[in-house]
Amino acid sequence: MTVFARLSSPICFHLKTNHNPNHGTIFSPKPHKTSSRKPLAPAATPPLSSAADVSSLAAPLAVIGGGSMAALAAAISLADPERRRRLQADEVGGGDKEVVKEYFNNAGFQRWRRIYGDADDVNRVQLDIRLGHAKTVESAVKMLMEEGSIEGVTVCDAGCGTGSLSIPLAKRGAIVSASDISAAMVAEAEKQARLELSMGKDDLLPAPVMPKFEARDLESLDGKYDTVICLDVLIHYPQNNADKMIAHLASLAKKRLILSFAPKTLYYTLLKRVGELFPGPSKATRAYLHAETDVERALQNVGWRIRKRDFISTQFYFAKLVEAVPV
């Protein structure tokens, strides 16, 4: 399988767990505290895939328990989510990468533009995912800013989605090169950037610089940047391809690499599997979880080490965020 890119959503598990898919933060391994608001749904429903939405899962998962687990296990054994995905791949004439591209240029674009934006026509789960992704973006910006101003710093936003990271970086004077596999996402990001960056300069910030937006997949990215950031994208990569992509992204970065990914644990793996029992267009793409030790190993293999870590979580979004630097 060739390496492919999803470039645009958060680490929200196909139960939507994340996360990511996607998106304040503390710089310690401790979990990020959730909001003091009432929980949005019963406690056992995080998200799992950056390209799926779990609004349809809250009710089914809430009633799973006791003897219901036996029925659930039987259903899981009979389900064939991979067959559904193969049929979807055949429809677009390709494999994972083509499915991802097709999804985020069409139904996925409409869904995630609402989630990432400020539209009111989102359900409780989608609103919670929006919050989780925003916290991931905030944490990534905070990591960047911890050493001072980023004015004039070159940044590659790999998998920019609708510009939720590129725009705040540009407002702080960073020179941003932003890309996404979805041309629809790139067009929306550029539209939003032009709108927000033309609204008037903040006297407390340097002059904003319009990002350079391109429709490109991750493996085609080249050049050298002070910092490379890839948020809520690795969920579209199986581990062997994720290793290659981490190495590729590190080769583009001169000083640091910031990554977010959906953490692989027994709990999240089970949630992901349960989510696959419920077919729907939002689950067109595969969702891959990654153990933090595997990500760290991939970085060590190319001479990088993790310097900062964070964990972002809301009711339906879970993401590990790491900042790596050359050894």
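Being a predicted model, the structure only gives us computed values, none of them experimental.
- In this structure the side chain of P211 reaches within 4.5 angstrom of the side chain of L197, judged on heavy atoms.
- Atoms CG and CD, on N301 and E296 in that order, are 11.0 Å from each other to the nearest 0.5 Å.
- Hydrophobic clustering of Ile, Leu, Val, Met, Phe, Trp and Tyr side chains at less than 4.5 Å, counting indirect connections, unites I306 with V302.
- The shortest heavy-atom contact between F311 and P263 is CE1-CG, 4.2 Å.
- Rounding to the nearest 0.5 Å places CZ of R216 at 12.5 Å from CD1 of I181.
- For the residue pair A119 and V122, the shortest heavy atom distance occurs at O-CG2, 3.9 Å.
- Contact between I167 and A193 at its shortest, heavy atoms only, is CD1-N, 3.6 Å.
- Side-chain N/O atoms of D243 and Q239 include a donor and acceptor closer than 3.5 Å.
- V153 and V325 fall into different hydrophobic clusters, defined by Ile, Leu, Val, Met, Phe, Trp and Tyr side-chain heavy atoms under 4.5 Å apart, directly or through other members.
- Counting only heavy atoms from C-beta outward, the side chains of E292 and R309 approach each other to under 4.5 Å.
- Between S177 and Y225, the shortest heavy-atom contact is OG-CE2, 3.6 Å.
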Inset, instruction - Applying side chain to side chain contact (heavy atoms under 4.5 Å, CB included), run through L221 and V228 and close with a yes or a no. - result: CA-CA 11 Å; L221 297 180; V228 174; over 6 Å; no

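- Between W112 and F104, the ring-plane angle classifies as tilted under the 30° and 60° cut-offs.
- Linking ILVMFWY residues whenever their side-chain heavy atoms come closer than 4.5 Å, directly or via other members, leaves L195 and V186 in distinct clusters.
- Contact check for T162 versus Q192: no side-chain heavy atoms found under the 4.5 Å cut-off.
- Here the closest heavy-atom approach between residue F213 and residue C160 is recorded as CD2-SG, 4.3 Å.
- Atom CD of E138 sits about 9.5 Å away from atom CD1 of I312, to the nearest 0.5 Å.
- The backbone N or O of A184 sits nowhere less than 3.5 Å from a side-chain atom of R113 that would complete a donor-acceptor pair.
- Between Q315 and R124, every side-chain heavy-atom pair lies at or beyond the 4.5 Å cut-off.
- In this structure the side chain of L259 reaches within 4.5 angstrom of the side chain of L249, judged on heavy atoms.
- Looking at L299 and I246, their side chains come closer than 4.5 Å, going by heavy atoms from C-beta outward.
- Using a distance-only test at 3.5 Å, with no hydrogens or angles considered, a donor-acceptor pair links the side chain of R130 to the main chain of G117.
- Residues R305 and P326 come closest through the heavy atom pair NE-O, 4.5 Å.
- Inter-residue side-chain proximity for I229 and L144 is flagged as met; some heavy-atom pair is nearer than 4.5 Å.
- Between E147 and K255, none of the side-chain N atoms (NZ, or NE/NH1/NH2) sits under 4.0 Å from a carboxylate O, so this pair counts as no salt bridge.
- Formation of a donor-acceptor pair under 3.5 Å by the D157 side chain with backbone atoms of G163 is not found in this model.
- One distance of note links NZ of K264 with NZ of K320; it measures 16.0 Å at 0.5 Å rounding.
- Taking 4.5 Å as the limit, some side-chain heavy atom of L321 sits within range of a side-chain heavy atom of M143.
- The number of heavy atoms from other shown groups lying within 6.0 Å of NZ (K224) is above 12.
- Under the 4.0 Å criterion applied to side-chain N and carboxylate O atoms, R194 and E190 are assigned as salt-bridge partners.
- Hydrophobic clustering, with ILVMFWY side chains joined whenever heavy atoms are under 4.5 angstrom apart, keeps I175 apart from L165.
- Here CD of E323 is found 8.0 Å from CD of E146. Values are rounded to the nearest 0.5 Å.
- Side chain of T154 to main chain of D226: a donor-acceptor pair is present (N/O by atom type, distance under 3.5 Å, no hydrogens or angles).
- H290 contributes no side-chain N or O that, together with a main-chain N or O of A242, makes up a donor-acceptor pair within less than 3.5 Å.
- Atom CD1 in I115 sits 10.5 Å away from atom CG in D121 (nearest 0.5 Å).
- By the criterion of side-chain heavy atoms lying less than 4.5 angstrom apart, applied directly or through intervening Ile, Leu, Val, Met, Phe, Trp or Tyr residues, L252 is grouped together with L257 in one hydrophobic cluster.
- Judged by distance alone, with hydrogens and angles left aside, the side-chain atoms of H248 form a donor-acceptor pair with the main-chain N or O of L218 at under 3.5 Å.
- Between the side chain of Q126 and the backbone N or O of N123 there is at least one donor-acceptor pair closer than 3.5 Å.
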